[in-house]
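To start, the structure itself, in structure tokens.
So that the names make sense, note that chain A is the first sequence line, chain B the second, and so on, each numbered from 1.
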Amino acid sequence: MELDQLKSQLNSRMKTARQERSAAEIASMLAKDTGSVIQKIRRSLRIELASAIAFTVACGLVAIFTGSWVYKTYCGIFFFVGVAFIFLLAILLKKTLQVSNVAPVKANLHSLVLVLKQYVKRYLQLGMALLPACFVLAYWLSYHDPSRTAKPFRWDIFGYLVAYLVVAGTVIYYFSRWYLQKLYGNYIRQLEEMETELEE
Amino acid sequence: MQEKVFIGLLDKHQGIIHRVCHVYMNDPAGREDLFQEITLQAWKAFGSFRGEAQFSTWLYRVALNTAITFFKKEKRRPATSFTGQLPEKPEEDSFIEEQVQAMYKAIAHLSKIDKALVMLYLEDYSYKEIGEVLGITANNVAVKMNRIKTRLREETNKYYHPVK
């Protein structure tokens, strides 16, 4: 049996298979939320961007108005970290907006794979970079707080803290990597396979 | 105003979306979800439609991009299970009817990319036009179509059992 022989029958059968939607039904669909992965990532990035802006502003206000040297320094540093985060998130959001469903299928697949891989990579990198930064900075600042009586440096406490940091960091890294793979890994792989199939 | 124009165009060409949903989804709930998703994606992208290409070609591009990248968590089913069927035409010769259903089942088991090729081929798009929608050369389309036709011929033999 050849496809060409059954072309007209397949076409006419597909025409009768459909249930016509009225203009009112189509109009009601336009107000709903999309379920596409890229739209969900855009939504997530917008929320993260809004949170980063709020956090950065809060840090700035605390740094300016607090009397405590520790809080001033901690929040001051994270104000600048927050500003960097805002730029990174904005760049990532802009990249997701470049993915277009009107592009040819191959180009659309390619840009979608790139954006998803960037998102997963940056999510992991930024999350992992923050953990030791927060921890080490908090420890260093509290140890050097001028308002407190100087304490002698203790290698055992320092050792425990380093061990805690290494163990917690390792657990969080592998958990985050597993979680992101579970969410997006399979999907990215499927998209890459389709892109390869088009190139063959 | 733009919404009215869009709804008018979509109403006229909704057959394209139905065809894509029918080919890419085997169950009614899945088709419903995909129809909704394609409609939304087309609406979001409508601002970029400048009228350089025909609306039908533009809509096919959006519909296929959406269907190909559509992610729906489905309960695991054996790869050979297939619940979809084309509506039958009682007046049609049962011999042809069986062939049509067998061919449709074979199309349903193609990859997402091959389904897109078959759909555009059935709509009488030229190889050049198919290549433009998919982003590949006309030669590549020709090679793929030959391979698909061979595969469909072999696959339909699995589903078509003429009464002896």
Side-chain angles (χ1 to χ4, degrees), chain A residues 1-40 99-113 116 183-184 186-187 190-191 193-200, chain B residues 3 6-8 10-11 14-15 18-19 22-23 33 35-37 39-45 48-49 58 61-62 64-66 68-72 86-87 89 92 96 99-100 102-104 107 111-114 116 118 121-123 132-136 140 144 148-149 152-153 156-157 160:
Chain A
M1 244 175 295
E2 297 291 336
L3 180 67
D4 293 305
Q5 288 171 302
L6 300 169
K7 203 171 170 180
S8 61
Q9 276 95 351
L10 280 165
N11 276 334
S12 75
R13 217 59 63 81
M14 282 189 191
K15 269 190 193 146
T16 54
R18 67 192 202 209
Q19 285 174 299
E20 290 286 333
R21 310 292 166 103
S22 66
E25 278 177 309
I26 293 170
S28 70
M29 285 183 190
L30 303 186
K32 293 188 179 165
D33 261 340
T34 167
S36 78
V37 171
I38 197 72
Q39 297 286 6
K40 284 180 181 171
V99 175
S100 165
N101 270 332
V102 299
V105 170
K106 187 177 164 187
N108 182 53
L109 282 171
H110 183 72
S111 55
L112 194 52
V113 165
L116 285 172
L183 273 183
Y184 301 113
N186 199 32
Y187 184 61
Q190 287 174 8
L191 295 178
E193 280 169 7
M194 287 193 280
E195 204 188 337
T196 308
E197 195 183 331
L198 274 169
E199 282 166 4
E200 282 170 359
Chain B
E3 191 176 308
F6 173 77
I7 291 169
L10 204 79
D11 192 24
Q14 62 174 291
H18 284 289
R19 286 173 74 99
H22 227 274
V23 170
D33 288 343
F35 189 97
Q36 164 84 52
E37 188 61 30
T39 305
L40 270 170
Q41 294 296 337
W43 170 232
K44 285 182 189 302
S48 69
F49 177 65
W58 179 89
R61 211 179 269 187
V62 173
L64 287 173
N65 271 326
T66 307
I68 283 167
T69 57
F70 189 61
F71 177 73
K72 182 176 156 65
L86 285 173
K89 270 189 175 177
E92 194 70 80
I96 294 179
Q99 287 186 318
V100 169
M103 179 61 75
Y104 181 65
I107 292 171
S111 71
K112 285 186 169 185
I113 299 297
D114 286 349
V118 167
Y121 180 77
L122 288 176
E123 287 272 45
E132 282 166 4
V133 170
L134 296 181
I136 55 178
N140 198 349
K144 285 185 186 321
I148 290 168
K149 285 180 186 177
L152 285 175
R153 198 185 313 125
T156 47
N157 291 335
Y160 175 58

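Judged purely by atom type and a 3.5 angstrom limit, B:D114 has no side-chain atom pairing as donor or acceptor with the backbone of B:I148. For B:K144 (side chain) and A:E197 (main-chain N/O), a donor-acceptor pair under 3.5 Å exists by modelled atom type. A:N101 contributes no side-chain N or O that, together with a main-chain N or O of B:A42, makes up a donor-acceptor pair within less than 3.5 Å. At least one donor-acceptor pair under 3.5 Å links the side chain of A:Y187 to the backbone N or O of B:T69. Looking at A:E25, its side chain does come within 3.5 Å of a backbone N or O of A:S22 through a donor-acceptor pair.
At a 4.5 Å heavy-atom cutoff, the contact between B:I68 and chain A is made by backbone and side-chain atoms alike. The contact between B:L134 and chain A is made by backbone and side chain atoms together, counting heavy-atom distances below 4.5 Å. If you measure heavy-atom distances from B:D11 to chain A, the contacts under 4.5 Å come from both the backbone and the side chain. Within the 4.5 angstrom heavy-atom criterion, only side-chain atoms of B:F6, from C-beta onward, approach chain A. Using a 4.5 Å cut-off between heavy atoms, A:V102 contacts chain B through both its backbone and its side chain. With a threshold of 4.5 angstrom between heavy atoms, B:Q36 approaches chain A through its backbone and through its side chain. Heavy atoms closer than 4.5 Å to chain B are found in the side chain of A:L109, but not in its backbone.
Here the OG1-CZ distance, from B:T39 to A:R21, works out to 7.5 Å after rounding to the nearest 0.5 Å. A distance of 5.0 Å separates CE of A:M29 from CZ of B:F35, quoted to the nearest 0.5 Å. The distance from atom CD of B:E123 to atom CZ of B:R19, rounded to the nearest 0.5 Å, is 4.0 Å.
In terms of heavy-atom pairs under 4.5 angstrom with chain B, the leader among A:D4, A:L30, A:L112 is A:L30. In terms of heavy-atom pairs under 4.5 angstrom with chain B, the leader among A:N108, A:I38, A:V37 is A:N108. Among A:E200, A:E199, A:E193, A:Q190, the residue with the largest count of heavy-atom pairs under 4.5 Å with chain B is A:E200. Of the residues considered (B:I7, B:I113, B:T66, B:V62), B:I113 shows the highest number of contacts with chain A, using heavy-atom pairs under 4.5 Å.
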